[in-house]
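Starting from 1, each residue takes its place in the sequence as its number.
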Amino acid sequence: MNVVVERKSWTDKRAEVLGRPGAGASYDATRLRFELGAAVRDRRESLGITQAELAARAGLRQPAIARFEAGGTMPTIPLLERLAAALELHLRVEFEATG
């Protein structure tokens, strides 16, 4: 018996998944964590410091920095303030109109 498997493009699959109730909010939260992690990693690398050095500056442990940079945690405002200070940055939080 032959089974024919229909392959979907990434665009079609993404649209299908995001069409499920609540999926858009989950996607946005994941995207935000990833973007914050990438911004911290980029700044850390531009300063030429390691994850361990950033952790020491922020009063954290290196695995916490690794998880954060990988988008694995949703940070609190106090954590973002600690990271900003450790990265020699000023934290600015804004609300932005949608659409």
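- Across Gln62 and Ala55, no two heavy atoms sit closer than the pair N-CB, 3.6 Å.
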Please table the atom pairs, donor to acceptor, closer than 3.5 Å between any side-chain atom in residues 29-41 and protein atoms at least two apart or in another chain.
unit_1: Thr30; atom_1: OG1; unit_2: Ser26; atom_2: O; d: 3.0
unit_1: Thr30; atom_1: OG1; unit_2: Arg33; atom_2: NH2; d: 3.4
unit_1: Arg31; atom_1: NH1; unit_2: Glu35; atom_2: OE1; d: 3.1
unit_1: Arg31; atom_1: NH1; unit_2: Glu35; atom_2: OE2; d: 3.3
unit_1: Arg33; atom_1: NE; unit_2: Gly71; atom_2: O; d: 3.2
unit_1: Arg41; atom_1: NH1; unit_2: Glu69; atom_2: O; d: 3.4

With a 3.5 Å cut-off and sequence neighbours excluded, list the donor-acceptor pairs that the side chains of residues 81-90 form with protein atoms.
unit_1: Arg82; atom_1: NE; unit_2: Ala58; atom_2: O; d: 3.0
unit_1: Arg82; atom_1: NH2; unit_2: Ala58; atom_2: O; d: 2.8
unit_1: Arg82; atom_1: NH2; unit_2: Gly59; atom_2: O; d: 2.8

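- Residues that satisfy the side chain to side chain donor-acceptor pair (under 3.5 Å) test with Glu94, not counting sequence neighbours, are Arg92.
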Q | CA sep, side-chain torsions, deciding dist, call: Leu47, Leu54, side chain to side chain contact (heavy atoms under 4.5 Å, CB included) | A | CA-CA 10 Å; Leu47 292 173; Leu54 175 57; over 6 Å; no

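- Using a 4.5 Å heavy-atom threshold, the side chains of Ile49 and Arg57 count as touching.
- Between the CG atom of Leu91 and the CG atom of Leu80 there is a distance of 5.5 Å, given to the nearest 0.5 Å.
- Looking at Glu53, its side chain does come within 3.5 Å of a backbone N or O of Thr50 through a donor-acceptor pair.
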